[in-house]
K.L.:
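Structure incoming, see below.
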Amino acid sequence: AQWCARNRATSGIALNSGHAYDGILHRNEAAFAQHPEYLGLRGGQRNSTKFCISNPGLRQLVVDDALRQIEKNPALQSVSVDPSDGGGWCECEECKKLGSVTDRALTLANAVATGLEAKYGPTKYVGMYAYNQHSPPPSIEAHPRVVVSVATSFIQGGFTIDELLAGWQKKCRTLGIREYYSVNTWDRDLPGAARGGKLDYLQKTTPHFYDRGARFMSAESSDNWGPNGLGYYLAGRMLWDVKEADRQDELIADFFDRSFGPAREPMAAYYQMLD
């Protein structure tokens, strides 16, 4: 939190967009026990945490859960309705009629956004990812208060990131990016292994995503300031103002001067090796 404050890595709107279905299930265990038909149908069994979204009772339960979250914390600016990770989508005929997996996930997010707007007006948002099986663009319109963050990994359907952004932009008013600056199980905090340390990648993609309409950024990162501290600093500057990408050399010099003082030269050589 201290680093975020000092580097202006703050947000105008705190967007919640992480995997949410498991949390909804946990908070409403009694209701799901009473209504097993709310769970997704898989292999003839109602046991999937990918809900039966075609069920109007399930949709109302999720709307009510979102309303309770905000009643408990009125300062909450958004709730997530992103599906749980992995597969297991409902196989019932009514869900199939809703369309693609993306259309189903967005149908539920739209229902929540409509419910929040009815009570709070245009002040609350619903977040979800374009990720995994629900990464392809939808055929239905997103509610104006649904913000969809396109993932830069784990996407399906043969789309590029730009194609996903273009496709979602046709159906969604506000887009974001779900990025992966550093994931410990991928890079183990090793030098030169993570996107967060690849300066050319950050310089290219940050303004590019903005130009393609993205207005939110959520990125996994780790406590690995040794290999990635310079990248994190540059990302913070560019996320504050994407035009900072044009000043990368100047910002790199600033980082070395302010961070290392008399050790500037050997540390500059170290980061040059990493990059």
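Worth knowing before you read on, the calculation uses all heavy atoms, side chains too, and leaves out hydrogens, waters and symmetry mates.
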K.L.:
As a test of understanding, state which of Asn16, Leu67, Ile70, Val62 forms a side-chain contact (heavy atoms from CB on, under 4.5 Å) with Val79.
P.N.:
Ile70
K.L.:
Would you mind telling me which of His134, Met128, Glu141 makes a side-chain contact (heavy atoms from CB on, under 4.5 Å) with Leu106?
P.N.:
Met128
K.L.:
Is there a side-chain contact between Arg104 and Gln133 (heavy atoms, below 4.5 Å)?
P.N.:
no
K.L.:
Would you confirm whether Ser78, through its side chain, and Ala14, through its main-chain N or O, come within 3.5 Å as a donor-acceptor pair?
P.N.:
yes
K.L.:
Would you call Leu199 and Ile252 a side-chain contact if the rule is heavy atoms closer than 4.5 Å?
P.N.:
yes
K.L.:
We want to know whether Asp85 and Tyr131 form a side-chain donor-acceptor pair, criterion being a heavy-atom distance below 3.5 angstrom.
P.N.:
yes
K.L.:
Can you tell me how far apart NZ (Lys50) and SG (Cys90) are? Round to the nearest 0.5 Å.
P.N.:
11.5 Å
K.L.:
Return each pair, listed once, that meets side chain to side chain donor-acceptor pair (under 3.5 Å) where at least one residue sits in residues 114-127; pairs must be two or more places apart or across chains.
P.N.:
Glu71-Lys119, Glu117-His143, Tyr125-Arg145
K.L.:
Taking only residues two or more places apart in sequence, or in another chain, which ones meet Glu244 in a side chain to side chain donor-acceptor pair (under 3.5 Å)?
P.N.:
Arg237, Arg247
K.L.:
If every non-hydrogen atom of Pro36 is compared with every non-hydrogen atom of Ala33, which pair is closest and at what distance?
P.N.:
CD-O, 3.8 Å
K.L.:
Do Leu175 and Val147 belong together in a cluster built from hydrophobic side chains that touch within less than 4.5 Å?
P.N.:
no
K.L.:
With a 3.5 Å distance limit and no angle check, can you tell me whether Ser48 reaches the backbone of Gly88 through a side-chain donor-acceptor pair?
P.N.:
yes
K.L.:
Suppose we screen for salt bridge (charged side-chain N to carboxylate O under 4.0 Å, His left out). Which residues come up paired with Asp254, at least two apart in sequence or across chains?
P.N.:
Arg258
K.L.:
With sequence neighbours excluded, what pairs up with Trp225 under the ring pair (Phe, Tyr, Trp, His ring centres under 6.0 Å) test?
P.N.:
Trp3, Tyr232
K.L.:
Are Ile13 and Leu116 linked, directly or through intermediate hydrophobic residues, by side-chain heavy-atom contacts shorter than 4.5 Å (ILVMFWY only)?
P.N.:
no
K.L.:
Side chains of Arg195 and Thr152: donor-acceptor distance under 3.5 Å anywhere?
P.N.:
yes
K.L.:
Salt bridge (charged side-chain N to carboxylate O under 4.0 Å, His left out): which pairs involve residues 262-275, sequence neighbours left out?
P.N.:
Asp257-Arg264
K.L.:
With a 4.5 Å limit on heavy-atom distance, are the side chains of Cys52 and Cys92 in contact?
P.N.:
yes
K.L.:
Listed by chain and number, what are the side chain to side chain donor-acceptor pair (under 3.5 Å) partners of Asp189, not counting sequence neighbours?
P.N.:
Asn184, Asn224
K.L.:
State yes or no: do Val242 and Leu251 share one hydrophobic cluster built from I, L, V, M, F, W and Y residues joined by side-chain heavy-atom distances below 4.5 Å, directly or via other members?
P.N.:
no
K.L.:
Taking all non-hydrogen atoms of both residues into account, name the closest pair between Ile161 and Ala151 and its distance.
P.N.:
CD1-O, 3.5 Å
K.L.:
Quick one: does Arg46's side chain have a donor or acceptor within less than 3.5 Å of a partner on Leu39's backbone?
P.N.:
yes
K.L.:
What about Leu164 and Tyr180, same hydrophobic cluster or not, with Ile/Leu/Val/Met/Phe/Trp/Tyr joined at side-chain heavy-atom distances under 4.5 Å?
P.N.:
no
K.L.:
Distance alone, cut at 3.5 Å: any donor-acceptor contact between the side chains of Asp64 and Gln60?
P.N.:
yes
K.L.:
Mind checking what makes ring pair (Phe, Tyr, Trp, His ring centres under 6.0 Å) contact with His35, not counting sequence neighbours?
P.N.:
Tyr38
K.L.:
Establish whether Val146 and Leu76 are linked, either directly or via other cluster members, by ILVMFWY side-chain heavy-atom contacts under 4.5 Å.
P.N.:
yes
K.L.:
I want to check something: taking the side chain as every heavy atom from C-beta on, are Ser100 and Trp89 in contact at a cut-off of under 4.5 Å?
P.N.:
no
K.L.:
Once rounded to the nearest 0.5 Å, what's the spacing between atom CG of Leu202 and atom CE of Met238?
P.N.:
5.0 Å
K.L.:
Could you go through the side-chain contact (heavy atoms from CB on, under 4.5 Å) check for Asp200 and Gln248 one step at a time?
P.N.:
CA-CA 9 Å; Asp200 288 345; Gln248 178 159 292; 4.3 Å; yes
K.L.:
Would you kindly check if the NZ (Lys) or CZ (Arg) of Arg212 is within the cone defined by 45 degrees around the ring axis of Tyr210 and under 6.0 Å from the six-membered ring centre?
P.N.:
no
K.L.:
Can you see which heavy atom on Tyr181 is nearest to which on Ser221, and at what distance?
P.N.:
CB-CB, 4.3 Å
K.L.:
Is the centre of the Trp240 ring less than 6.0 Å from the centre of the Tyr233 ring?
P.N.:
no
K.L.:
For a quick test of reading the model, state the closest non-hydrogen atom pair linking Pro207 to Ala245 and the distance between them.
P.N.:
CG-CB, 3.9 Å
K.L.:
Please assess Asn132 against Val101 for the test side-chain contact (heavy atoms from CB on, under 4.5 Å), listing each intermediate value before the final yes or no.
P.N.:
CA-CA 10 Å; Asn132 200 356; Val101 165; over 6 Å; no
K.L.:
Indicate yes or no: at least one non-hydrogen side-chain atom of Phe159 is less than 4.5 angstrom from one of Pro137.
P.N.:
yes
K.L.:
Just by modelled atom types, is the Gln156 backbone N or O under 3.5 Å from a matching donor or acceptor in the Ser135 side chain?
P.N.:
yes
K.L.:
Of all heavy-atom pairs between Thr107 and Arg59, which one has the smallest distance, and what is that distance?
P.N.:
CG2-CD, 4.4 Å
K.L.:
Is it the case that Asn73 and Arg68 place a side-chain donor and acceptor less than 3.5 Å from each other?
P.N.:
no
K.L.:
Classify the angle between the aromatic ring planes of His19 and Tyr129 as parallel (below 30°), tilted (30 to 60°) or perpendicular (above 60°).
P.N.:
perpendicular
K.L.:
Do the non-hydrogen side-chain atoms of Asn228 and Ser222 ever get within less than 4.5 Å of each other?
P.N.:
no
K.L.:
Enter the distance from Asn47:CG to Leu41:CG here, rounded to the nearest 0.5 Å.
P.N.:
8.0 Å
K.L.:
Between Asp82 and Ala20 (side chain of the first, backbone of the second, donor and acceptor by atom type, cut-off under 3.5 Å), is there such a pair?
P.N.:
no
K.L.:
According to the salt bridge (charged side-chain N to carboxylate O under 4.0 Å, His left out) rule, which pairs have a member within residues 17-31, sequence neighbours left out?
P.N.:
Arg27-Asp65
K.L.:
Distance from Asp103 atom CG to Cys95 atom SG, nearest 0.5 Å?
P.N.:
12.0 Å
K.L.:
Could you tell me the separation between the CD atom of Glu179 and the CG atom of Leu239, rounded to the nearest 0.5 Å?
P.N.:
10.0 Å
K.L.:
Taking only residues two or more places apart in sequence or in another chain, which ones pass salt bridge (charged side-chain N to carboxylate O under 4.0 Å, His left out) with Arg42?
P.N.:
Glu91
K.L.:
Can a donor-acceptor pair be found, under 3.5 Å and without considering hydrogens, that links the side chain of Ser259 to the backbone of Phe256?
P.N.:
no
K.L.:
Tell me yes or no: between the side chains of Lys97 and Ser54, is some donor less than 3.5 Å from an acceptor?
P.N.:
no
K.L.:
Say whether Asn55 and Glu37, considering side chains only, have a donor N or O and an acceptor N or O under 3.5 Å apart.
P.N.:
no
K.L.:
For the CG atom of Asn28 and the CG atom of Leu61, what is their distance to the nearest 0.5 Å?
P.N.:
4.5 Å
K.L.:
What are the two closest non-hydrogen atoms of Val81 and Tyr21, and how far apart are they?
P.N.:
O-CE1, 3.6 Å
K.L.:
Tell me, which pairs form a side chain to side chain donor-acceptor pair (under 3.5 Å) where one or both residues lie in residues 167-177, sequence neighbours left out?
P.N.:
none
K.L.:
Which residues pass the ring pair (Phe, Tyr, Trp, His ring centres under 6.0 Å) test with Phe260, not counting sequence neighbours?
P.N.:
Phe255
K.L.:
Which residues pass the ring pair (Phe, Tyr, Trp, His ring centres under 6.0 Å) test with Phe216, sequence neighbours left out?
P.N.:
none
